[in-house]
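Everything below concerns the one structure shown next.
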Amino acid sequence: MALTLYNTLTRRKEEFAPLDPANVRMYVCGPTVYDFAHIGNARPVIVFDVLYRMLRDRYGAGHVKYARNITDVDDKINAAAKANGEPIAALTARTAAAFHEDVAALGCLPPDVEPRATQHIAPMTRMVEALIASGHAYVAEGHVLFAVPSMPDYGRLSRRDRDELIAGARVEVAPYKRDPADFVLWKPSPPDLPGWDSPWGRGRPGWHLECSAMSEVHLGETFDIHGGGLDLIFPHHENEIAQSVCAHRGKPFVKFWLHNGFVTVNGAKMAKSEGNFVTIRDVLKQAPGEAARLAMLTAHYRDPLDWTAERLTEAKRTLDRFYLALRAVEDVPATGQGAKARGALDDDLNTPLALAALHEDLAALNKAQTRAEKSRLKGALLDSGVLLGILQQEPESWLKGASSDSGAAEIEAQIAARNAARKVRNFAEADRIRNDLALKGILLEDGPGGTTWRRAG
RNA sequence: GGCCGGAUGGCAGAGUGGUUAUGCAGGGGACUGCAAAUCCCCGUACAGCGGUUCGAUUCCGCUUCCGGCCUCCA
């Protein structure tokens, strides 16, 4: 079955085929490192991680090159560093490290390359020079601006024309712009802010330029997939297209544009001013990263997703059920290549449908009588789990959590005491111990093979 | 104002021109000293109004409501 993806460029699902039949190249807009990442930032990272896994599954792990940038030069960074009284380099290093920890906890594979803007200034200035030379950019008052009217196709991705943009403009047009729609490629930097020497004086790049330059360096002038949040369609991706296509003498830039929907929190847009700004770290205090990941995948990536505590706990309980079933077949080897989720994910990453398939396998596994059936269904579940980035932990470690050995020994001692009480039918004492442990979040399970325990969520 | 998406049972959330997913919650039952888990049974929902059709939740139009974008934004 072919992989189909919804292409923002054409506004329809298209069959995916890489430009180079054996190798896939994908670029996703990464974080601007000035503050902790929030769950809205987490969505594209998770969504495109699933796509990355699907592509690796289909083309081979060594045949997919995934680039996700880190924006480490930006006005918001400058402002945050000033506000904290922290050197800019310290802020970006600290924030980038936190981002890596956060997304690793969410089960996301690292990209193959993670280019940083500050390490790609030379390719950026080269691109600006090429744009000036070809008449697509001009210098004005120390700025270099992209001349939007020089590109007839401008606005194709976001489906808007120049006149509409000007009519709807909310911002004052800088006086040095030849055309109100023109945007900054390079701007002057005062001595107290990061800057690099350039033919146009000491300055720093405009926001859109880095993605054009870094994708060219790492993926080439034309590549397969470019992803990011819905809000990046305009202006960011529109401007990337303009820069890259014009700098590359009209060569196409990206074949598939993919955009994820927004995350709201309890029905409201997330904003610091609203007081509902939820960072990944906040979420990880409430539930394991895998639960947060699953919660994120319960909606289709293009639809809006409302983040609630219920959604997170439900995801956590769902994983409990899966791991409980997997624990029951721990001694059965996994066989088969029957990831049911694959078919659903092939259809524009339909993760909710994929999860429904997993639930069917789960029910079948719970009912399975023979070892062969169990083995096959366990394999199907784990294979699907690889694609979604879930169910890869040891069931025991998921169910017992990160308890210290001494804590576990203490629980085992309590269990032994309770079983002794049960043996003499002293159920009052047995229940006292059960309740005691329950208060600590420990759930005892009496089974035919003895008593086990897990952490209840 | 312009452009683009949405509206499915208590909640979450797929899908389909006719047989109406899946999960949670809820009700009943089996199992169980209790508990948990598991299994079985139970819900004909697709914003409203027109149209096309033998038949529409699914296609078309209009209306209402919600959301995103219009050079900070995942």
Side-chain angles (χ1 to χ4, degrees), chain A residues 8 11 28-32 34 37-48 74-76 79 148 155 158-161 163-174 177 180-184 206-208 227-236 238-239 259-264 267-271 294-295 298-300 302-306 308 310-311 313-315 317-318 320-321 324-325 327-328 344 347 350-360 362-363 365-367 399 418 422 425-428 430-431 434-435 437-438 443-448 451-454 456:
Chain A
T8 306
R11 311 279 159 133
V28 173
C29 289
T32 300
Y34 68 102
H38 56 69
I39 54 169
N41 300 310
R43 170 117 98 148
V45 178
I46 293 171
V47 161
F48 293 110
D74 177 271
D75 289 350
K76 286 195 295 295
V148 167
S158 55
R159 308 230 161 160
R160 56 189 86 200
D161 62 40
D163 295 341
E164 285 167 12
L165 294 179
I166 295 160
R170 295 184 301 193
V171 226
E172 263 183 70
V173 176
K177 287 187 180 182
D182 292 351
F183 60 89
V184 171
W207 172 39
H208 317 298
L230 203 61
D231 55 325
L232 295 182
I233 295 174
F234 190 88
H236 185 53
E238 196 70 73
N239 292 351
H259 293 95
N260 62 275
F262 249 61
V263 177
T264 54
K269 182 170 175 168
M270 188 166 36
L294 178 63
T298 52
H300 183 85
R302 284 193 280 120
D303 288 337
L305 181 144
D306 191 33
T308 60
E310 294 71 40
R311 190 176 205 117
T313 27
E314 191 176 328
R317 293 213 181 112
T318 299
D320 284 346
R321 292 182 60 221
L324 238 16
R327 184 177 68 178
D347 183 11
N350 193 336
T351 52
L353 192 60
L355 291 168
L358 255 72
H359 276 107
E360 283 170 21
L362 171 66
L365 177 61
N366 283 329
K367 276 183 275 191
L399 295 167
R418 174 170 166 273
R422 290 173 72 208
R425 303 192 67 80
N426 182 356
F427 294 124
D431 289 350
R434 171 190 287 295
N435 293 334
L437 288 169
L443 182 74
L444 299 187
E445 299 172 299
D446 298 325
T451 302
T452 58
W453 64 274
R454 66 181 161 101

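Note that the structure is a prediction, hence the values are computed from the model and not measured. Residue numbers begin at 1 in each chain, while the letters A, B, ... track the order of the sequences.
- Straight-line distance between the C1' atoms of U63(B) and C70(B): roughly 26 Å, to the nearest whole Å.
- D75(A) has its CG atom 17 Å from the P atom of U71(B), to the nearest Å.
- For P352(A), the listed nucleotide lying nearest its side chain is A14(B); candidates were A74(B), G33(B), A14(B).
- A distance-only check finds no donor-acceptor pair linking the side chain of R418(A) to the backbone of R434(A) [under 3.5 Å].
- With sequence neighbours left out, I233(A) forms a side-chain contact (heavy atoms from CB on, under 4.5 Å) with T8(A), L157(A), S158(A), L230(A), H259(A).
- Counting non-hydrogen atoms under 4.0 angstrom, A344(A) reaches nothing in the nucleic acid.
- At a threshold of 4.0 angstrom between heavy atoms, the contacts of V263(A) include nucleobase atoms, whether or not backbone atoms are also involved.
- Checked against A14(B), C34(B), C39(B), the side chain of N350(A) finds its nearest nucleotide in A14(B).
- As judged by a 4.0 angstrom heavy-atom cut-off over every strand, R422(A) is placed among the base-contacting residues.
- Residues that satisfy the side-chain hydrogen bond (donor to acceptor under 3.5 Å, both in side chains) test with D306(A), not counting sequence neighbours, are T264(A).
- Atom CZ of R43(A) and atom P of G68(B) are 13 Å apart (whole Å).
- Counting only heavy atoms from C-beta outward, the side chains of L294(A) and L355(A) approach each other to under 4.5 Å.
- Among the atoms of the strands shown, base atoms are found under 4.0 Å from some heavy atom of R434(A).
- An OP1 or OP2 oxygen of C39(B) is reached within less than 4.0 angstrom by a side-chain nitrogen or oxygen of N366(A).
- Contacts of N239(A) classified as side-chain hydrogen bond (donor to acceptor under 3.5 Å, both in side chains), with partners at least two apart in sequence or in another chain: Y154(A), H208(A).
- Counting heavy atoms of neighbouring residues, nucleotides and ligands inside a 6.0 Å radius, atom CZ of R425(A) does not exceed 12 of them.
- For G15(B) and U8(B), the C1' atoms lie 10 Å apart once the distance is rounded to whole Å.
- To the nearest whole angstrom, the two P atoms, one in A21(B) and one in G9(B), are 14 Å apart.
- Side-chain proximity of R311(A) to A12(B), A21(B), C34(B): nearest is A12(B).
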Note, RNA chain B 5' to 3' with Watson-Crick or G-U pairs under 3.5 Å encoded as ( ), [ ], | and . gives (((((((..(((.....[...))).(((((.......)))))....(((((..]....))))))))))))....
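- Using a 4.0 Å heavy-atom cutoff across all strands shown, L358(A) reaches no nucleic acid atom at all.
- Side-chain proximity of L324(A) to A36(B), C73(B), A37(B): nearest is A37(B).
- Using a 4.0 Å heavy-atom cutoff across all strands shown, G40(A) reaches at least one base atom of the nucleic acid.
- Across the C1' atoms, G26(B) and G43(B) are found 10 Å apart, a figure rounded to whole Å.
- In terms of phosphate contacts, K269(A) brings no side-chain nitrogen or oxygen within less than 4.0 Å of OP1 or OP2 of C73(B).
- Under the rule for a salt bridge (Lys or Arg N to Asp or Glu O under 4.0 Å), K367(A) has no partner lying at least two apart in sequence or in another chain.
- For H38(A), the ring-ring contact (aromatic ring centres under 6.0 Å, His included) test picks out F277(A), with sequence neighbours left out.
- Among the heavy atoms of the strands lying under 4.0 Å from H38(A) is at least one base atom, whether or not backbone atoms are also near.
- Comparing G33(B), A74(B), A35(B) by their closest approach to the side chain of L443(A) singles out A35(B).
- Residue contacts shown for D446(A) include a base, since a base heavy atom lies under 4.0 Å away.
- For the P atoms, the distance from A45(B) to C54(B) is 25 Å, rounded to whole Å.
- Atoms CG (D306(A)) and C1' (G13(B)) sit 13 Å apart, rounded to a whole Å.
- A30(B) and G10(B): their P atoms are spaced 29 Å apart (whole Å).
- By the side-chain hydrogen bond (donor to acceptor under 3.5 Å, both in side chains) test, N426(A) pairs with no residue at all, sequence neighbours left out.
- Heavy atoms of R418(A) sit under 4.0 angstrom from at least one base atom.
- Nucleic acid contact for D303(A): sugar-phosphate only, since backbone atoms but no base atoms lie under 4.0 Å from a heavy atom of the residue.
- Partners of R422(A) according to the side-chain hydrogen bond (donor to acceptor under 3.5 Å, both in side chains) rule, which considers only residues two or more places apart in sequence or in another chain, are N419(A), D446(A).
- Separation of the C1' atoms belonging to C46(B) and G13(B) is 12 Å when rounded to the nearest angstrom.
- R327(A) contributes atom CZ, which lies 5.0 Å from atom CG of L399(A) (distance to the nearest 0.5 angstrom).
- Contact annotation for I233(A): no contact, since no heavy-atom pair falls under 4.0 Å across all strands.
- Relative to the side chain of D347(A), the nucleotides G15(B), C39(B), U22(B) differ in distance, and G15(B) lies closest.
- M270(A) is listed as a side-chain neighbour of I39(A), based on a closest heavy-atom distance under 4.5 Å.
- On the C1' atoms, U71(B) is 29 Å away from C65(B), given to the nearest whole Å.
- Taking 4.0 angstrom as the limit, W453(A) places none of its side-chain polar atoms (N or O) nearer than this to OP1 or OP2 of A36(B).
- At whole-Å resolution of the value, CG in L399(A) and C1' in A37(B) are 11 Å apart.
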Could you go through nucleotides 24-27 of chain B and list every protein N or O atom that sits under 3.5 Å from one of its N or O atoms, giving the distance for each pair?
residue: C24(B); atom: OP1; partner: R321(A); partner atom: NH1; Å: 3.0
residue: C24(B); atom: O4'; partner: E314(A); partner atom: OE2; Å: 3.2

